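Worksheet: one structure, shown below.
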Amino acid sequence: MLRRFAPNEYLASAIEVDLQALKARGIEGLIVDLDNTLVPRYEDEPSEELKGWLQEVARAGLRVCIVSNNWTSRVAAIASELGVSIVKGAGKPLAKAFRQGMRILGTRPAETAVIGDQLFTDVLGGNRLGLYTVLVVPLSDKEMLHTRVLRKLECRVLDALAKRRMISSDVG
Ligand SMILES: [Mg+2]
């Protein structure tokens with residue numbers, strides 16, 4: 001039960017992910033969440049740091065697709081500024097959200113990693129399809145109401161995972 005929520009890695013932020021280690025395990029493409037993973041929820045401008053990281057990702061030979069449950073024009077604007085493909089209004093944790101991302105990336109599940117800040121959308125959905133999942137600490141605590149409600153439950157699951165040493169407890 002708890003296992004389906006356990007990410008393969010838990011990091012302080014997306015840019016800390018070890019790109020070479022992902023390549024070494026056969027990962028070819030990244031499905032990356034947008035809000036509070038790449039950009040704080042209520043900001044429109046991607047940071048220079050993020051742009052630099054995306055260049056590193058490309059240099060490492062990894063493809064990227066943003067898969068976001070957000071459906072607004074802001075999401076498309078950010079993706080186009082970053083020059084990255086996007087699936088918006090994706091419906092994570094539903095499988096179709098991740099399948100659409102993999103279709104764009106041209107990857108199979110074993111070649112795909114998910115990076116995101118939410119257990120119940122990014123990690124649960126990715127795990128169910130057998131993708132390599134990376135949970136990151138959210139970039140900001142400003143969130144939509146339904147996300148704030150889910151965060152309370154998420155906190156309890158994270159505690160339970162940490163107690164069982166299924167994630168490192170020194171990150172969040
Ligand atoms: Mg998010």
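As the structure is a computational prediction, the values presented were derived from the model and not from experiment.
- In this structure, Glu43 CD and Ser140 OG are separated by 7.5 Å, a value rounded to the nearest 0.5 Å.
- Put simply, the side chain of Arg156 never gets that close to the backbone of Lys152: no donor and acceptor are under 3.5 Å apart.
- The pair Lys51-Glu48 counts as a salt bridge, with a side-chain nitrogen and a carboxylate oxygen less than 4.0 angstrom apart.
- Under the 4.0 Å criterion applied to side-chain N and carboxylate O atoms, Arg151 and Asp117 are assigned as salt-bridge partners.
- Using modelled atom types, no side-chain atom of Glu28 and backbone atom of Thr107 make a donor-acceptor pair closer than 3.5 Å.
- A continuous path of ILVMFWY side-chain contacts below 4.5 Å connects Leu150 to Val157, so both sit in one hydrophobic cluster.
- By the criterion of side-chain heavy atoms lying less than 4.5 angstrom apart, applied directly or through intervening Ile, Leu, Val, Met, Phe, Trp or Tyr residues, Tyr10 is grouped together with Leu161 in one hydrophobic cluster.
- Both Ile86 and Leu54 sit in one connected hydrophobic cluster of ILVMFWY residues. Membership requires side-chain heavy atoms under 4.5 Å apart, directly or through other members.
- A donor-acceptor contact under 3.5 angstrom links the side chains of Asn70 and Thr72, judged on distance only.
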Show me the donor-acceptor pairs within less than 3.5 Å that the side chains of residues 87-100 make with the rest of the protein, sequence neighbours left out.
unit_1, atom_1, unit_2, atom_2, d
Lys88, NZ, Trp71, O, 3.3
Lys92, NZ, Asp33, OD1, 2.9
Lys92, NZ, Val67, O, 2.8
Lys92, NZ, Asp122, OD1, 2.8

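- With hydrogens and angles ignored, the 3.5 Å screen pairs no side-chain donor or acceptor of Arg164 with any backbone N or O of Arg3.
- Not counting sequence neighbours, the partners of Leu139 by the side chain to side chain contact (heavy atoms under 4.5 Å, CB included) test are Asn36, Pro40.
- Contact detail for Val39 and Pro46: the closest heavy-atom pair is CG2-CA, 4.3 Å.
- Residues Leu131 and Val114 come closest through the heavy atom pair CD1-CG2, 3.4 Å.
- Residues Pro7 and Thr133 share a closest heavy-atom pair of CA-OG1, 3.4 Å.
- A single hydrophobic cluster is seen to contain both Phe5 and Val171, as judged by linkage of ILVMFWY side chains at heavy-atom distances under 4.5 Å, directly or through other members.
- Scanning all heavy atoms of the two residues, the minimum distance from Ile27 to Leu62 falls at O-CD2, 3.3 Å.
- Looking only at distances, no side-chain donor or acceptor of Arg4 sits under 3.5 Å from a matching main-chain atom of Leu124.
- Listed for the Asn127 side chain is a donor-acceptor partner under 3.5 Å among the backbone atoms of Ala6.
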